[in-house]
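Excluded from the calculations below are hydrogen atoms, water molecules and symmetry mates; all remaining heavy atoms, backbone and side chain alike, are included.
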Amino acid sequence: MNTLIISTFDCTFEEFEKEVKEVFIERLAKDSCDGYEFVKINDHKAHTFLNVTDFDGFCSSLECDEAKEWDKANNCQDTVYKIELVE
């Protein structure tokens with residue numbers, strides 16, 4: 001399932017990118033995602049496109065204590081969308 005996360009945050013873009021790639025994608029959501037693209041919008045906003053293979057597992061990784069604590073410390077707000085192909 002194609003998924004888009006629009007994130008805003010107070011930390012630097014480089015800190016956010018590192019957290020998403022090294023912690024979220026490679027560790028927390030590694031069993032529920034199969035590929036992603038990461039796009040910088042500005043210094044405090046990014047879009048992450050993911051192919052989610054296990055939506056329940058993906059949601060669990062977003063809601064785990066480690067993710068919640070990081071989000072709170074960095075004022076990170078995520079809006080998650082499921083994307084469908086329009087034919």
Side-chain angles (χ1 to χ4, degrees):
M1 167 185 331
N2 291 317
T3 305
L4 165 65
I5 303 174
I6 297 176
S7 303
T8 58
F9 41 87
D10 286 345
C11 62
T12 67
F13 175 80
E14 292 74 22
E15 291 170 319
F16 180 78
E17 180 178 34
K18 182 177 181 179
E19 179 71 15
V20 168
K21 290 180 177 180
E22 294 179 10
V23 176
F24 186 74
I25 299 291
E26 295 178 9
R27 190 164 51 82
L28 297 177
K30 70 177 182 173
D31 295 329
S32 59
C33 295
D34 178 17
Y36 71 97
E37 291 183 35
F38 189 74
V39 180
K40 177 180 180 178
I41 302 304
N42 61 45
D43 289 339
H44 297 286
K45 186 174 186 176
H47 292 179
T48 308
F49 297 89
L50 304 120
N51 181 33
V52 176
T53 56
D54 172 10
F55 197 73
D56 290 336
F58 174 73
C59 290
S60 293
S61 65
L62 287 173
E63 294 296 319
C64 76
D65 289 341
E66 182 178 0
K68 284 182 172 183
E69 288 172 17
W70 193 92
D71 287 350
K72 184 176 180 180
N74 293 281
N75 194 30
C76 181
Q77 301 291 316
D78 295 322
T79 305
V80 180
Y81 297 91
K82 293 180 184 178
I83 301 174
E84 294 184 26
L85 177 65
V86 177
E87 297 184 49

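- The shortest side-chain heavy-atom distance between Arg27 and Glu22 does not fall under the 4.5 Å cut-off.
- Applying the side chain to side chain contact (heavy atoms under 4.5 Å, CB included) rule to Asp43 yields the partners Lys40; only residues at least two apart in sequence or on another chain are considered.
- Across Glu63 and Lys68, no two heavy atoms sit closer than the pair OE1-CE, 3.0 Å.
- The list of side chain to side chain donor-acceptor pair (under 3.5 Å) pairs with a residue in residues 77-87, not counting sequence neighbours, reads Ser7-Asp78.
- Remark: Asp65 CG to Lys72 NZ distance equals 11.5 Å, nearest 0.5 Å.
- Separating the NE2 atom in His47 from the CD1 atom in Ile41 is a distance of 4.0 Å, to the nearest 0.5 Å.
- Heavy atoms of other residues, nucleotides or ligands lying less than 6.0 angstrom from CD of Glu14 number more than 12.
- Contact record, Cys64 with Ser61: SG-O, 3.4 Å, taken as the closest heavy-atom pair.
- Members clustered with Leu28: Met1, Ile5, Phe9, Phe13, Phe16, Val20, Val23, Phe24, Ile25, Tyr36, Phe38, Leu50, Val52, Phe55, Phe58, Leu62, Trp70, Val80, by chain and number, using a 4.5 Å side-chain heavy-atom cutoff among hydrophobic residues.
- Note that CG of Asp34 is 12.0 Å distant from CG of Asp54, once rounded to the nearest 0.5 Å.
- Residues His44 and Thr8 form no side-chain contact, since every pair of their non-hydrogen atoms from C-beta on lies 4.5 Å or further apart.
- Atom CG of residue Leu4 and atom CG of residue Asn2 lie 10.0 Å apart, to the nearest 0.5 angstrom.
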